[in-house]
Amino acid sequence: MKLGYIINEGVAGIRRSKMPFMNSVFSVTIALVLVGVGVLFVDNGLKYIGDLQADYDLEIFMQNDASSEEIQELATIISEYPGVIRMDYLSKQDAADLYSAEFGENLLTLLGENPLPSSLRVTFEENYRSSVYIQAFLQSMKQFETIDDVLFQKDLFNRIQVIMQTIYTIAAAAIFLVILVTVFLTANNLRLMILARYEFIEAIRLLGASDFMIKAPFFLEGGILGFLGGTFAVLIIVGLEQALAAFNVINLPVRILDYPEVILGTLLFGISLSALGVLKAVRRMLRFVA
Amino acid sequence: MKLGYIINEGVAGIRRSKMPFMNSVFSVTIALVLVGVGVLFVDNGLKYIGDLQADYDLEIFMQNDASSEEIQELATIISEYPGVIRMDYLSKQDAADLYSAEFGENLLTLLGENPLPSSLRVTFEENYRSSVYIQAFLQSMKQFETIDDVLFQKDLFNRIQVIMQTIYTIAAAAIFLVILVTVFLTANNLRLMILARYEFIEAIRLLGASDFMIKAPFFLEGGILGFLGGTFAVLIIVGLEQALAAFNVINLPVRILDYPEVILGTLLFGISLSALGVLKAVRRMLRFVA
Amino acid sequence: MISFENVHLRYDTGISLRDLNFFIDKDEFVYLFGPTGAGKSSILKMIYMDLFPNDGQVEIFNIGSSKVKRKEIAHIRQRIGMVFQDFKLLMDRDIYSNIALPLELRGLKPNEIRSKVVRKADEFGLRSRLNHFPHELSSGEQQMVSLARAVIDSPDILLVDEPTAHLDQESAAGVTDAIWKVHDSGTCVVFATNKVELPKREPARTISLVSGEIIIDREL
Amino acid sequence: MISFENVHLRYDTGISLRDLNFFIDKDEFVYLFGPTGAGKSSILKMIYMDLFPNDGQVEIFNIGSSKVKRKEIAHIRQRIGMVFQDFKLLMDRDIYSNIALPLELRGLKPNEIRSKVVRKADEFGLRSRLNHFPHELSSGEQQMVSLARAVIDSPDILLVDEPTAHLDQESAAGVTDAIWKVHDSGTCVVFATNKVELPKREPARTISLVSGEIIIDREL
Ligand SMILES: Nc1ncnc2c1ncn2[C@@H]1O[C@H](COP(=O)(O)OP(=O)(O)OP(=O)(O)O)[C@@H](O)[C@H]1O
Ligand SMILES: Nc1ncnc2c1ncn2[C@@H]1O[C@H](COP(=O)(O)OP(=O)(O)OP(=O)(O)O)[C@@H](O)[C@H]1O
Ligand SMILES: [Mg+2]
Ligand SMILES: [Mg+2]
């Protein structure tokens with residue numbers, strides 16, 4: 001029976017103070033959108049740079065006279081080396097084609113023969129991508145006579161490593177800051193929303209409402225608020241992604257829709273943030289009026 | 001004389017409603033910090049990547065038998081080429097030293113002679129850094145016989161270009177979003193702050209205060225609020241920069257303290273945001289009570 | 001039912017109520033009489049435990065003010081009807097919801113609530129105003145609503161603070177009659193007033209206060 | 001000074017004031033008498049232009065309600081002192097600042113303000129309460145503060161809405177005396193009340209209202 005009161009009052013509370021309620025919903029929406037966009041920004045950025053780094057890991061040039069069996073054998077050994085995630089074989093012909101494509105000159109017609117060696121491009125798993133580990137790999141490659149030369153752009157490699165770490169660090173700090181800030185702002189907004197109900201709380205307290213009866217409708221209201229905020233946030237993020245795609249600005253490799261658990265998490269975070277925020281504000285108010 | 005009232009009332013208003021006032025100050029602070037951190041993040045990120053790109057612009061390897069006069073001559077020509085912002089000369093010895101440093105083997109003791117060519121590293125100004133422009137430059141270099149080879153990592157170059165544009169786009173969108181959002185949140189907060197003064201506004205209006213006399217103290221209060229918010233924001237940003245530096249996470253190339261006009265802008269933005277936000281809220285309230 | 005033992009109340013302003021001693025029984029009707037600032041509202045506040053004495057003990061329904069728990073306060077208040085001097089109506093809900101509130105808090109069924117509220121509104125001449133909001137009523141009408149809300153849940157104790165301040169003679173007579181009727185149905189009533197006419201017209205035990213002290217406690 | 005010509009006021013609730021016609025001169029003292037809900041506060045609101053008639057014209061200081069500008073309303077109110085039925089004191093400033101407010105709005109010098117406020121506080125027995133806040137005063141005391149604020153700037157018109165509702169007989173007599181004194185010093189006074197004793201004790205022109213209509217307009 002009292003449940004009826006709590007539900008009625010929770011919903012009626014929204015109707016009675018639409019403006020502060022919608023304010024708070026938007027505040028939650030904004031908080032969650034900022035967090036979401038931040039996470040996607042970092043995810044996508046790292047993926048981009050990771051791809052770039054992966055392409056530039058390591059190139060192994062074969063002796064010009066290496067037989068295809070020898071190459072085959074080497075390829076097997078390398079692909080079984082721990083941490084190697086991908087290996088691409090570029091034949092002499094592939095190399096010549098690439099050259100032509102890049103410089104617009106046909107090497108074969110120019111020189112009559114193909115001076116470019118065949119090669120293997122090796123990509124390491126992210127966890128193995130340290131320059132120390134790769135240097136050890138190079139060392140072990142020295143024993144193969146079929147290898148002419150190894151191209152490891154250690155300098156570039158390290159540089160990209162640094163960029164990634166920097167972006168990680170700054171972005172993590174920024175996102176942490178944004179989360180803190182928006183949670184703070186939202187909590188504030190909820191507090192002001194509750195402050196606006198001062199008279200109501202004061203009055204029903206004097207009429208004999210128990211703390212539970214005072215808090216429960218607000219808790220419900222907070223939950224609804226958070227659910228709405230979370231839903232709006234997910235919609236906005238999806239919308240932003242679509243917009244980026246539509247205007248062909250960039251094709252995001254990571255999208256929120258691919259991660260239902262992220263969507264669920266966003267909603268739950270919104271709901272708990274709001275419900276608990278409201279609860280905390282009411283509790284503070286009760287301490288104040290008591 | 002009425003100025004006395006306005007100033008008194010503006011300051012007293014702060015004292016009387018410390019909590020909503022400080023809420024609003026923090027809201028403004030947060031808005032400005034987010035904007036500031038966003039701008040610094042993009043600035044620094046771009047500078048990093050730009051530096052990386054600059055290093056990889058272009059390397060010109062000289063013939064092994066090029067005389068130092070020939071090199072000198074070429075260097076002069078290149079450094080006068082439009083768009084060239086920097087040119088570094090690496091002698092054969094420099095190259096050998098670099099090799100030793102990188103691979104731990106002394107080339108000279110190994111081979112008895114230095115097989116590495118001397119080279120010129122050319123860096124273009126940001127505006128000139130398009131692959132079309134650089135290819136034109138390469139074309140014009142073909143006439144020099146002293147040049148053995150030119151290393152232009154077109155692929156990498158373009159890739160970095162894409163990353164930069166992507167970061168630019170996303171970051172610009174994100175910052176725009178953050179600005180919108182924080183301005184909205186702040187305006188909201190100011191509105192709730194004014195809402196909490198409903199009784200006061202209602203009462204002095206009935207006592208015969210003109211609209212101007214009602215608005216002026218709030219306008220002043222808003223200005224103070226914005227000034228405080230702006231000052232805190234600048235302090236926090238400087239603090240963050242110092243913290244990043246202190247923990248050796250990264251050494252930011254761009255810092256807010258180097259740009260007094262940014263600091264001033266932040267303050268002015270904070271002040272006008274708050275003063276106008278408050279004014280708008282009061283105006284709305286006056287329309288409501290009238 | 002209500003017992004004050006050596007109660008002292010000191011405000012920060014230096015103003016104080018001193019050495020209050022009285023006992024009010026289940027079926028009594030008591031006037032709390034005194035000039036403005038005498039301490040009538042303060043005593044009522046101590047009865048519904050919104051204010052606690054600095055010394056001595058207030059006991060309501062045998063629960064002492066010194067060891068009452070937060071939860072018990074809510075229960076005590078549910079058994080007390082209160083007409084506040086400043087009404088304390090909820091401005092954002094209509095008269096119907098204002099009067100229905102104590103019943104809703106008790107968890108009554110909607111149709112039970114409706115019939116009770118309508119009956120009470122009829123009794124207080126508020127039937128046509130049920131859909132209006134407090135700011136659409138005159139002060140006197142708001143006072144009537146406040147009284148209707150106070151008695152809607154048949155309280156064991158009814159506290160009324162100057163319930164006729166904004167009423168004309170006729171309405172005031174109606175209201176005091178209504179309060180007497182509530183008393184006759186078995187409710188303990190404490191009636192704060194500064195109007196000497198009231199205890200004179202309808203005599204009952206009168207606790208007279210002057211600047212925080214009880215000077216007389218008997219039927220006037 | 002105050003003129004109502006064929007004034008009609010209709011509220012959304014269907015309640016209305018009809019065909020109000022009267023003129024109040026510069027040096028008059030007028031009771032606005034009627035039971036609760038008769039329309040007294042509504043008429044006062046029209047005088048200080050917080051409410052505008054749906055038909056007819058209210059003229060204050062020769063400025064008509066139909067063409068008054070926002071700025072003029074502020075000026076009009078600066079010449080009117082008002083004791084609201086619900087006081088409308090500012091809860092977050094002390095009694096001194098509350099009383100001083102009209103003077104501050106006029107831009108008087110701080111020491112001028114201080115001497116005026118202190119003098120008025122003495123007159124109304126509020127001297128010792130100047131540093132207290134409204135919630136630390138009893139209802140009756142708040143009513144006194146409200147009156148002090150209304151007369152602090154020597155208004156041309158003084159509107160008082162039930163200024164004795166929360167006062168005991170003695171204080172009420174003091175307040176009505178004070179209001180009469182304000183009138184004697186040349187202020188036009190409109191005094192809304194539902195207490196028939198007042199016009200009987202201190203006779204003056206009385207406009208009697210019943211449910212929105214004037215039924216008598218003469219000295220009682
Ligand atoms: N919160 C408070 N802080 C300080 N003093 C207070 C407070 N509340 C009341 N007082 C003082 O205590 C005294 C008694 O106040 P109370 O409100 O009980 O009087 P009252 O008898 O109800 O008067 P009234 O008839 O005017 O309502 C008054 O002088 C008042 O100023
Ligand atoms: N804002 C409003 N909306 C609708 N009806 C209103 C409004 N204000 C007042 N009324 C109604 O108009 C009538 C006159 O109200 P008013 O406040 O003028 O009465 P009053 O004579 O001052 O009464 P009291 O002595 O109780 O203060 C009342 O019936 C009231 O309900
Ligand atoms: Mg009282
Ligand atoms: Mg009235």
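Letters go in sequence order (proteins before strands), and every chain restarts at 1. None of these values were measured; they are calculated from a predicted model.
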Exercise. So, D:Asn194 side chain and C:His166 main chain: donor-acceptor pair closer than 3.5 Å or not?
Worked result: yes
For this session: Name the member of D:Ile15, D:Asp168, D:Leu167 that forms the most heavy-atom pairs with chain C at distances under 4.5 Å.
Result: D:Asp168
Exercise. Got more than 12 heavy atoms from elsewhere within 6.0 Å of CZ, D:Arg10?
Worked result: yes
For this session: Drop me the distance from D:Glu141's CD to C:Thr36's OG1, to the nearest 0.5 angstrom.
Result: 5.0 Å
For this session: Tell me, for D:Ser138 versus chain C, whether the close heavy atoms (under 4.5 Å) come from the side chain, the backbone, both or neither.
Result: side chain
Exercise. With a 4.5 angstrom heavy-atom cut-off, which part of D:Leu137 approaches chain C: side chain, backbone, both or neither?
Worked result: neither
Exercise. Between C:Ala38, C:Pro35, C:Gly140, which residue shows the highest count of heavy-atom pairs closer than 4.5 Å to chain D?
Worked result: C:Pro35
Exercise. Roughly how far, to the nearest 0.5 Å, is the OG1 atom of C:Thr164 from the NZ atom of D:Lys195?
Worked result: 7.0 Å
Exercise. By a 4.5 Å heavy-atom criterion (distance strictly below it), what part of D:Gln169 contacts chain C: side chain, backbone, both, or neither?
Worked result: both
Problem set entry | Heavy-atom pairs under 4.5 Å with chain C, option from D:Gln143, D:Arg129, D:Gln85 with the top count | D:Gln85
Exercise. At a heavy-atom separation under 4.5 Å, does D:Ser171 approach chain C through its side chain, its backbone, both, or neither?
Worked result: side chain
Exercise. Non-hydrogen atoms of chain C under 4.5 Å away: do they reach the side chain of D:His132, the backbone, both or neither?
Worked result: side chain
